Every structure is written in C-alpha cells, then in structure tokens.
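Just so it is clear, the values below take in all heavy atoms, side chains as well, and ignore hydrogens, waters and symmetry mates. Values in this document were obtained by computation on a predicted structure and should not be read as measured data. So that the names make sense, note that chain A is the first sequence line, chain B the second, and so on, each numbered from 1.
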Amino acid sequence: MIRLINLHPTRGSGVLLGVLPLLLILLFYTGASAARHAENTSDKLLPTFSQMVESTGALVTRTDPTTGDIPLVADTSASLTRLGIGLAIATGSALVLGLVIGTLPLIRSTLGPLVGVIAVIPPIAVLPILFITFGLGEASKIALVVIGIMPAMIRDLSAFIAQLPQEQIIKAQTLGANSWQVMMRVALPQALPRLISIVRLQLGAAWVFLIAAEAIAADVGLGYRIFLVRRYMSMDIILPYVAWISLLAIIMDYALVRLSRIAFAWAHEGAR
Amino acid sequence: MALMSFRNVWVEYGDKIVLERVSLDIHEGSFVSIIGPSGAGKSTFLRLALGQEGPTKGEVLLGGEPLRPEPGPDRGVVFQRYSVFPHLTVLQNVLFGSECAQAPFLGKLFGSKRRQAREESAEMLASVGLGDSLNVYPAQLSGGMQQRLAIAQALIKRPRVLLLDEPFGALDPGIRMDMHALVTDVWKAHGLTILMVTHDLKEAFALGTRVMAFDKRRHDPQAPHRFGATAVYDVTLDRKEGANRPSESVPDAALPALGSR
C-alpha cells in the first residue's frame, strides 16, 4: 500500500481536484438559494443567478442619469486607475529605496529603522490624517494604497538585496565595478524578479486599502458601489461585484507571473 | 622585490585573535597553496590579500604600495560558490569587466569597442573550454563549468594576483583533475601570481610552487581565542617551472611533518 504522502495526482486529475471544491460551493449555493426562494420569493440574502444577471446587467447596459456613464465601467476604471497609480508609486519608491538601503550600509543605518517604524503603523489608522491633508479626492485614496503597501515592499526588497551573496559583490569589485555599477548591474537586475513577486504578494493588501478608502469617501469605484448597495441589502449586485474584483485580481496576478517568466527567464531556470 | 608583502600583520575580532605576526613575501609568478585546519585563519589571510578586510595591526603591501581595505581590479578572485552572476549569460559575465572599465554609466559598449570586447571575451572563454556555451545562463552549467567561467571572468581583467578560495572544493574528483590542469595552464600562459586556499593537501602540493600551512603556534587551554594563527610551515617546491624565484632553503623535515597533519 503506497503511503498517502507519495500519492501524486496526474496532470488531468490535478486540475479536476482543483475545480472540485469550487463546483461544490456553486452547487451548494444554488441549492441553498433555491430553498430560500421556495420559502420566500422576495428573499434578498441568497439571490439566484438569474437575479444577479438581471440586477448587475442593468449596471452594465443602462447609463447612470446623473453622470451619463455606465456604472460598472466607470467603477472599474476609477478603481483600476487609483490602484494602478498607487501600485506604480509604491513599486517605484520601493525599488529606489530598497536598492539604496540594500546596497549602501550608510543609507541602511539611516533609513532602515525609519522604514521599520513606519511599517508597524496600521495604515487604516492614518486614513483620517490622509483625508484631512489630501482632502476627499483621488489623492487620499491613492495615498492610502501607497502607505499601506510601500513599507513592507521596501523592507522585503532591501532585505533581499542585502542578502545577495557577498561573493558576487566582491567579485564585481574585482572586475572594476564602482558603487554605482554594483547597484545598477549586480543588485538591480537580480532585484527585479523579486520585485515582481513582492508586487504580487502586496496586490491583495492594495485592494483592501483601495476598497476601504472608497467605502468611506468616494462617488465612484468598485468599493464605493458595493458599500452603497449594501444599504438596500442588494446581494444580487454585491456578489457579482466581488466576483468581478476577484477576477481582476486573478488577471493582474497572472499577468505579473507571465511578465516575470518572459522578462527574467534566468530567474526561473531552476523551476523548470 | 616581492609582489605582495605582509608585514607583521595581526587580525583581531574583538578580543579574539585570528592571525598574529604574519610576515611573509609573495613573489611574482609564484603559485602559493595555503592549507591548515578549519578556523586557522586561511580564509582571513585570503580576505586580507583581497582587501575584503584590513589588518588590525601591520601592513599589507601590493607592489610596494599599502593595500586599501577594499577589493579592486588588480586582484582577481574565484570563490567556491557564487562567483558568477546568475542574471548574465556566460559571455555577458566575462564582458562585465570590460564594460565596467569602458562604459561606466550605461554598462553597454557600442561599435568597434563592443566587437573587440566580445572577441576578447569569446577567446578567453574558448581557452577555458566554454567556447560553445556563450549564450547560456550559469544555472544551466555544471559546477565545474561555472568555475571555469569564474576563472575566465577574472582573467579578462589581467589581475596581478589571482586569489582562489577553495575553488574546487565542491567539484567531483574527476572534474577536479581537469580543473587542476586548467589552472596550471592559465598560470603558465598568463604568468600569473596565484594564492589558493585549499583543504586538499595533495592538491596543494600538486599545484603550488610554495605551500604554506596556517596554524596556531601556541595554545592556551583556558583562553584558546587569545592566540592567533600564523604561517607555521612555508615550503618552496623548486621542481616546478613557472616560479621566477629560486627557492628559499627549507628544511626537508617540514614536509613529512606537514603530511601527517
């Protein structure tokens, strides 16, 4: 009898096993929803799939009379813009700061403790400060995303760079490299694939901070919409919106994996 | 004049003395093997020569000039591992040296300079047996091939001293023999001065024109860290070609004593 720890699924059965729990959840939901609707036809808690299609369909096909936009499109574009700008600022700063903190001991001693202190501040707790300083517009929401994810990104990237084998740094110097060249040609290229995986890890947190900021003060956005319709217990809109947000997150994650594999093939040699 | 001189060098970490009273000269063209038990300061000695650290007391001179305590292009190095850049192809790894010198900001060469550097690098790679693997990444090479690459990478800068820190320690015995032949060849062909730290006595005597053993001369059982190591045996093997200098006289008795360690 082969031990359980040595039983591996084949390729096909592996996919099947992965899909199985999802199917079970869908099946369970359908059953539960049907049961509730059999009892009370106007049940709002577990809407049927046709109700979801109908309500959310209205947000895709009909324009909002006050703004003239299609709500789902406007929400998605507003949220992705905020998230994109926030991620870009956080990633860019993390790269620059991570690089100098990771390679230059003087900067590490100067900025390392500061980043450590900032990293332990709960970002949502500074949201009021952001609203007061940046107002209720786009800047405060982007700032929350940046402040929420940037310290962790800097810490991770600088620690990774500081842990590059000392032999490489010394070898580069014996080949005539100065500090700039060690940073740009040894540390930077090796940090980039790591940066991509750091962005992937922080993507979830970035969404959390974006939705939190939108829930509190916004007039458009995915987070704004689900917190708005919550007042009417519109699960038929909330559930498809949550699914849509998840789909966006999955697409972004997959795009980052592909980017890393195409741009930094050398970093994935061992994984082949 | 000696190429490299250590003048009464001490290395201390806090109250722990690693090396004490190391005074020796290294002559141009010699191949010095450094052996000794673990913790006897072999690697510390190599780091001094490399400039990775400076002496606590005393002086290290290269060509008569005091050595700055940082690595530089006049001293090449090959470590046991991590000597090559994983994100660069074999050819790019060797080009790195030329690019650092000639393209300080962009790290890219253009036109005839680029062609010349590529030719030179490809030639160097061919001479260490990597002529057919110019465009693969180090992860795709075997351990022995990676060490060949590390040697080619160091040689392109024409260093005055080549430092080898247990360069073949992680290799299979068969591959190790090939690497011995390769190192002996490049040592002769380039007229190099080599310092090599090794654990392997046979290797030390097979390759070196001079073998130094580092160990503690004195031992205090109550405070073992208070005595440092120094070169306790220093044997010049005059049977080899390539050594520019006649051997200093060394008592034959040192040899068997060393072999039994």
Portion of B/Y82 that has a non-hydrogen atom of chain A nearer than 4.5 angstrom: both

Interface moiety of B/V136 toward chain A, non-hydrogen atoms closer than 4.5 Å: neither

Parallel, tilted or perpendicular: ring planes of B/F96 versus B/F85, cut at 30 and 60 degrees: tilted

Closest non-hydrogen atom pair, B/G76 against B/P159: N-CB, 3.3 Å

A/R108 side chain vs A/G102 backbone, donor-acceptor pair below 3.5 Å: yes

Chain A contact via B/Q80 - side chain, backbone, both or neither, heavy atoms under 4.5 Å: neither

is_close_aromatic(B/Y137, B/H87), centroid dist under 6.0 Å: no

Among A/Q166, A/R185, A/Q168, residue most engaged with chain B (heavy-atom pairs, under 4.5 Å): A/R185

Residue B/L50 versus chain A: region with a heavy atom under 4.5 Å: side chain

Short side-chain to backbone donor-acceptor contact, B/R75 and B/V161, under 3.5 Å: no

